Every structure is written in structure tokens, then in C-alpha cells.
Amino acid sequence: AGVNQAGVNQARIVEEGVIEAGVMQDDTYKTILTAVEGIYTEKRSKFIAIALPVTTLEQVKEHLDRLQKQYYDARHVCYAYMLGPERTTFRANDNGEPSGTAGKPILGIIRSKGLTHCVVIVVRYFGGIKLGTPGLIAAYKEATVLALDAAQTQECIVTTRLVFEIPYTEADLAMRWVRDAGGQLLPPDYTAEGMSLTAEIRTGEAEKLRQRLSQIHTLRWQDNDKDE
């Protein structure tokens, strides 16, 4: 699922343990590179959307705590985040706005743009005029869109590491197969009888490479305590 278009960079990101047996998963995801901001005003209410790249829940909490202190005088500080290559870890928070009018619209925009590993925090300064449910939803959406439209995105490739021991007599063959599959080899460890090799391979190709390497009967797997 490669993306080749203007404004999109490509990178390799190592995520070990992202494959579950029998589950087909995409091995790419898209995130933002740097913090960006978008400001939207509606009926004198000001919505300041700050989008930030994150990889852990702890980072989300740190950004949220910092911005809540920075905008201590704001009426609401609402947010939504999406984490993980499979985009299965997420949360939306309305922070006192009517249920479903803030966090959910923010999260909806993150989803619609296909992003993960990011948080969008929207600060609202109340302008004295109520916007109503449709107005709030539209305002939080628009602020989020303005921020994310300003972000440079990056498509990341999820890779898996395969670790194995192999005698010197078979090492050249194993290394050639790794390279043929598009994998990369980390610096090896040497033993009296052979080598310990770590291959980094695109997750979508990992099982195929494992099966091919398993044809070398003297090879012993070290990752996940799995021997072949």
C-alpha cells in the first residue's frame, strides 16, 4: 500500500510483534512529522487546534497536561488521539462540551485522513454566543482540518525482525535470501560454530522469508523462543 504523492515522505519504522497468527494486516501507516496549529473562529468563539505526533499514551498525557496549563483560561480543552499501526488504540474527550460534539468530530477527521500516532487538542475560548450541537461539531471539525491540512505527513513501513543462528557453511545462502526478499541484515554476532543474524524485513514479507529460511535445516530460530 505504498503512497507516492507530493508532500508525503517515506520512512522505515521498526515495530516488533505487530503480527498476529492468521491475521492479515497492512504493513504501512501514515502519521504527521511535526506539531502544527489551526485556528478557527465562529460567532466570536475561538478554536485553536494543535496536532502533535505521538507514539505512546504517556506522550499524549504530557502534551495534554502542558497545553491545559498553557491555556488555563480557556473554557474547554478537548482532544482525540489515534495510536498504533493498526489504528486500534484511540480515545475522544469532550471536556465538558455536550456529548459527542468535540472529541468525536476531532477523531473523525483523524480517521478520515488515515492518520495514526497523533493527537489533536482543540482549545476553545467561548465568545458569548452558543453555537448549538451542529455548530459545535462543525467548529471542532473545521479547526482540526485546518491543523492537519498544514501538517507534513509521512508514510511509515512496519518491519519485523527475524533472529536466527546458522553455521558458517550456510551463512552466505541465508544472507542472500534475506537480501533477495528486500530485507536488511544487522551486524552479526559470531560464535565458535557459526553466526547469529538479525534480519529486518517488511512485515508483509516476514512470514514468507521465515518459511524460506526454515528450509535450511541447520538454522535455529532465536526470536520469540521459536525453533524450526
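Treat the numbers as computed from the prediction; the structure is a model and nothing was measured.
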By side-chain contact (heavy atoms from CB on, under 4.5 Å) - contacts of [X] (at least two apart):
X: Ala51; value: Ile32, Val36, Val120, Ala147, Leu148
X: Gln70; value: Arg66, Leu67
X: Asn93; value: Tyr79, Arg91, Asn95

Measuring only between side-chain heavy atoms, which start at C-beta, is Asp94 closer than 4.5 Å to Ser99?
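The answer is yes; the side chains approach within 4.5 Å.
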Is the shortest heavy-atom distance from the side chain of Tyr40 to the side chain of Thr144 under 4.5 Å?
no
For [X] and [Y], which heavy atoms make the closest approach, and how far apart are they?
X: Leu131; Y: Ala139; value: CD1-CB, 4.3 Å
X: Ile201; Y: Gly182; value: CD1-C, 3.9 Å
X: Leu52; Y: Ala35; value: CD2-CB, 3.8 Å
X: Gly84; Y: His117; value: N-CE1, 3.3 Å
X: Arg124; Y: Ala74; value: O-CB, 3.6 Å
X: Ala143; Y: Phe47; value: CB-CB, 3.9 Å

Measure the [atom1]-[atom2] distance between [X] and [Y] for me, rounded to the nearest 0.5 Å.
X: Thr198; Y: Leu185; atom1: OG1; atom2: CG; answer: 8.5 Å
X: Lys61; Y: Asp65; atom1: NZ; atom2: CG; answer: 9.0 Å
X: Leu219; Y: His217; atom1: CG; atom2: NE2; answer: 11.0 Å
X: Ser214; Y: Leu209; atom1: OG; atom2: CG; answer: 9.0 Å
X: Gln59; Y: His63; atom1: CD; atom2: NE2; answer: 6.0 Å
X: Glu207; Y: Leu162; atom1: CD; atom2: CG; answer: 8.5 Å

Going only through I, L, V, M, F, W and Y residues with side-chain contacts under 4.5 Å, is there a path from [X] to [Y]?
X: Tyr71; Y: Leu146; value: no
X: Leu197; Y: Tyr190; value: yes
X: Met82; Y: Val122; value: yes
X: Val145; Y: Ile48; value: no
X: Leu57; Y: Phe90; value: no

Does Glu155 come within less than 4.0 Å of Lys30, counting only side-chain N to carboxylate O?
no
Run the side-chain contact (heavy atoms from CB on, under 4.5 Å) check on Thr28 and Arg202 step by step: do they pass?
CA-CA 9 Å; Thr28 65; Arg202 183 169 182 152; 3.2 Å; yes
For Tyr81, check ring pair (Phe, Tyr, Trp, His ring centres under 6.0 Å) against everything at least two apart and list the hits.
none
Any donor-acceptor pair under 3.5 Å linking the side chain of Thr41 with the backbone of Lys46?
no
Step by step, would you call Val77 with Ile121 a side-chain contact (heavy atoms from CB on, under 4.5 Å)?
CA-CA 7 Å; Val77 180; Ile121 300 167; 3.5 Å; yes
Contacts table for residues 163-178: side-chain donor-acceptor under 3.5 angstrom, sequence neighbours left out:
residue, atom, partner, partner atom, Å
Glu165, OE2, Gln222, NE2, 2.9
Tyr168, OH, Thr191, O, 2.9
Tyr168, OH, Gly194, O, 3.1

Please set out all donor-acceptor pairs under 3.5 angstrom arising from side-chain atoms of residues 100-115, sequence neighbours excluded.
residue, atom, partner, partner atom, Å
Thr101, OG1, Pro98, O, 2.6
Ser112, OG, Gly108, O, 3.4
Ser112, OG, Ile109, O, 2.9
Lys113, NZ, Asp149, OD1, 2.7

